[in-house]
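What follows is a set of notes on a single structure, which appears directly below.
Chain letters run A, B, ... following the sequence lines, proteins first and then strands; every chain starts at 1.
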Amino acid sequence: MIRGHPHSLADLVQQKADLSRLPHIGSALAEKIQTLVKTGSLPALEKAKKRTPIALSALMQLPGLGPKRVRVLYHELGIRSLADLERAARRGRIRALPGFGVRTEAKILSELQTSTGQERRFNRLEARELAEPLRRFLQRQVGVKRVTIAGSYRRCRDTVGDLDILVTAKRGSPVIREFVAYDEVRDVVSQGTTRSTVRLRSGIQVDLRVVPEASYGAALYYFTGSRAHNIAVRRMALKRGLKINEYGVFKAEKRVAGRTEESVFASVGLPWIPPELRENRGELTAAAKGNLPQLVQLNDIRGDFHCHTRASDGHNSIREMAETARDLGYEYLAISDHSRQVRVAHGLDPERLSQQLDDIDRLNDELRDIVILKSCEVDILKNGSLDLPDKLLARLDLTVCALHYDLHLPRKQQTERVLKAMQNRYFNILAHPTGRLINERPPCDLDMERILRAARDQGCYLEVNAQPLRLDLTDEACLLAREIGTGVAIGSDAHSADTLNFMQFGVDQARRGWLSAHDVLNTRSLQAVRSMLVR
DNA sequence: GCCGTTTTCGGCCCGACTGTTTTCAGTCG
């Protein structure tokens, strides 16, 4: 709850807000949070640390070991680290413990060999490339009707830890046997009659669930999650004397819903909630009040403000990019090559940019059904000034401004840097605001709330960068933008014509942040965009 | 430790798979 909250709880404590009004925070936690913020330490935590070695939590990371077994290992054998565990297992001391046996001991040893301890998450493109071939494979199996990838993949999270696949099939279908025999399977974790778990060579875990067609809606709902959302809805059901499981909604023994997801939601008096919102961060209250947002869709997108050509580090010409954009149904496409500071990407100096602007004029005279906008991905220099002279920026239709260097500045300095850049009247869109690269580079330290407020007040926009490695803003930052009332622009940041369609990933991210078409600049007509960009 | 168009006390989502134990606890999603 705290991690997903748009505001820092420390700020809320300073403002003397009543924390116990937040969901899942009662009087006890509110008091502890206050103590933590005010004193920097927490007596209850220190006490718990004394009672239980903190290292024990590492043991629970191992598949098959939970709190009960770790407790036995610690109390009976004094095991408090992975090294202790391995030693005990090799000496055959674990098999004698109550609740353990020879097989469990062997499994522990084998997990110690294979598990790295830090399972990585996969970005959306990686996940899609692993999931789609498997989905097609399952679809071909005898007796299979539907194959749907559920879980965080369906909720469009920026990364997924595993794949959850739902299959509806006739009784007796060999789909699970075929699943564990899939070519990419490295090892089989479990295999039953209705579900199975495997690990693929890539390291990703895949959970397969097989249910009859009549349970499709209930199973899809259950398997989509999130867990927190499911638990909250099952609670609502309990209050109505209903039970929800993956087979349907039940009143006593009688099945009253479950063929579709809509029927499951209806059983607790709610409209269907889009998967992207199912995180138990307010969607249930909103749905109950009829206040769900009308989420932005790919169809709403009328143009793209961020793409590259061969002039900097892209792979296609302006014409090729524009024609592809036209084929995607866009009204406009802004060419935003790098500015000179970004030398590794062959960034444009004033002379080359000005040549490009002339080229765009000529192409616009020639091309029909698409307007090319003049833009540039202008570097924000360390002192907060822009990398190109105002005189040249004035010739552009818009700018997409970004940090590429000095990403490690302290929070205050980094924030001031961006705020100063934003004061330039030619600054329009802050591209990939935090600079994070998923699994590669952490976000830079920015006071996002201040930046969002300043952007709103000065008529600037923040980008939701659609590159699967970036997805920056995060969904949480989108939520904050929505609350503050700051507009966003979804940009593909395409470096080739065939990746202009990464736009979908950006739209998904905006949807997770509850944004509607109204909140997104590039759902507007060209005429509206032109006037909205003037500061 | 949270929560309450039943409740300020007594509940707390639900089911599959595995392995150990002979009917189920532990773990997981």
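Separation of the C1' atoms belonging to dT18(B) and dT23(B) is 15 Å when rounded to the nearest angstrom. Rounded to whole Å, the separation between the C1' atoms of dC2(B) and dT8(B) comes to 12 Å. One P atom belongs to dG15(B), the other to dG10(B), and the distance between them is 26 Å to the nearest Å. When the P atom is compared between dG11(B) and dA16(B), the two are found 25 Å apart, to the nearest whole Å. Taking atom P on both nucleotides, dT21(B) is separated from dG26(B) by 12 Å, rounded to a whole Å. Atom P of dC14(B) sits at a distance of 25 Å from the matching atom of dC9(B), rounded to the whole Å. Comparing the same atom, P, in dT22(B) and in dC28(B) gives a spacing of 23 Å after rounding to whole Å. For dT5(B) and dC13(B), the P atoms lie 16 Å apart once the distance is rounded to whole Å.
In this model, no donor atom of one side chain and acceptor atom of the other lie less than 3.5 Å apart for Asp472(A) and His432(A).
The nearest pair of heavy atoms linking Ala481(A) to Val488(A) is CB-CG1, 4.3 Å. Residues Leu295(A) and Arg511(A) approach most closely at CB-NH1, 3.4 Å, considering heavy atoms.
The CE-C1' distance, from Met236(A) to dT6(B), rounds to 16 Å in whole Å. Rounded to an integer number of Å, the gap from Leu19(A) CG to dG1(B) P is 16 Å. Between the CD atom of Glu31(A) and the P atom of dG1(B) there is a distance of 10 Å, rounded to whole Å. Atom CG of Leu163(A) and atom C1' of dG29(B) are 14 Å apart (whole Å). Remark: P of dG26(B) and CD of Glu111(A) are 20 Å apart, rounded to the nearest angstrom. The interatomic distance linking Arg71(A) (CZ) with dA25(B) (P) rounds to 16 Å, in whole Å.
For the pair Lys239(A) and dC3(B), the criterion of a side-chain N or O lying under 4.0 Å from OP1 or OP2 is not met.
At most 12 non-hydrogen atoms from other residues, nucleotides or ligands lie less than 6.0 angstrom from CZ of Arg80(A). Atom CD of Glu31(A) has 12 or fewer neighbouring heavy atoms from other residues, nucleotides or ligands inside a 6.0 Å radius.
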>> For Leu125(A) and Phe502(A): C-alpha separation, side-chain torsions, deciding distance, then whether side chain to side chain contact (heavy atoms under 4.5 Å, CB included) applies.
In response: CA-CA 9 Å; Leu125(A) 190 60; Phe502(A) 279 176; 4.0 Å; yes

When the side chains of residues 187-195 of chain A are checked against the rest of the protein, which donor-acceptor pairs come out under 3.5 Å, sequence neighbours left out?
residue, atom, partner, partner atom, Å
Asp187(A), OD2, Arg199(A), NH2, 3.1

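When Watson-Crick and G-U wobble pairs are counted only if both distances are under 3.5 Å, dT8(B) pairs with no nucleotide at all.
Gln205(A) comes within 4.0 angstrom of the backbone, heavy atoms only, and of no base.
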Give me the distances for all protein-to-nucleotides 11-20 of chain B N/O pairs that come in under 3.5 Å?
residue, atom, partner, partner atom, Å
dC13(B), OP2, Arg235(A), NH2, 3.3
dC13(B), O2, Arg234(A), NH1, 2.3
dC14(B), O4', Arg234(A), NH1, 3.4
dG15(B), OP1, Lys243(A), NZ, 3.0
dG15(B), OP1, Asn245(A), ND2, 3.0
dA16(B), OP1, Tyr247(A), OH, 3.0
dA16(B), O3', Thr194(A), OG1, 3.2
dC17(B), OP1, Thr193(A), N, 2.9
dC17(B), OP1, Thr194(A), N, 3.0
dC17(B), OP1, Arg195(A), N, 2.9
dC17(B), OP1, Arg195(A), O, 3.3
dT18(B), OP1, Gln191(A), N, 2.7
dT18(B), OP1, Gln191(A), O, 3.4
dT18(B), OP2, Gln191(A), O, 3.4
dG19(B), O3', Thr104(A), OG1, 3.2
dT20(B), OP1, Gly101(A), N, 3.0
dT20(B), OP1, Gly101(A), O, 3.4
dT20(B), OP1, Val102(A), N, 3.4
dT20(B), OP1, Arg103(A), N, 3.3
dT20(B), OP1, Thr104(A), N, 3.2
dT20(B), OP1, Thr104(A), OG1, 3.1

